[in-house]
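Just so you know, these numbers use all the heavy atoms, side chains as well, and skip hydrogens, waters and symmetry mates.
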Amino acid sequence: MARPAPTSTPAITAAEEEPPLDPEAVERAYRFHRARRAAKAKRHRERRWAGLRFWIVLALVVAVTAVLAARTLGEIERVFGL
């Protein structure tokens with residue numbers, strides 16, 4: 001049997017097999033996760049303030065409605081002499 005002829009391609013070294021290393025990858029990942037944490041904290045803060053704003057506006061609307069209802073009833077009594 002005949003042996004195959006030896007190839008003339010150079011052997012691949014371990015350094016050539018490693019994928020290229022991005023020196024900024026770690027820093028980019030750190031900034032990305034830090035931004036995610038900051039965004040999550042911001043959403044939490046905004047939801048809390050939105051709830052507080054809702055209750056303040058609701059109380060204001062109820063107070064204005066009560067004042068207008070009292071004034072309207074007072075005027076109805078005055079006009080019709082009830």
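With rounding to the nearest 0.5 Å, the separation of CD1 in I56 from CG in L60 is 9.5 Å.
By the 4.5 Å heavy-atom criterion applied to side chains, R47 and R43 are not counted as neighbours.
In terms of hydrophobic clustering, with Ile, Leu, Val, Met, Phe, Trp and Tyr side chains grouped at heavy-atom distances under 4.5 Å, V79 and I76 are assigned to a common cluster.
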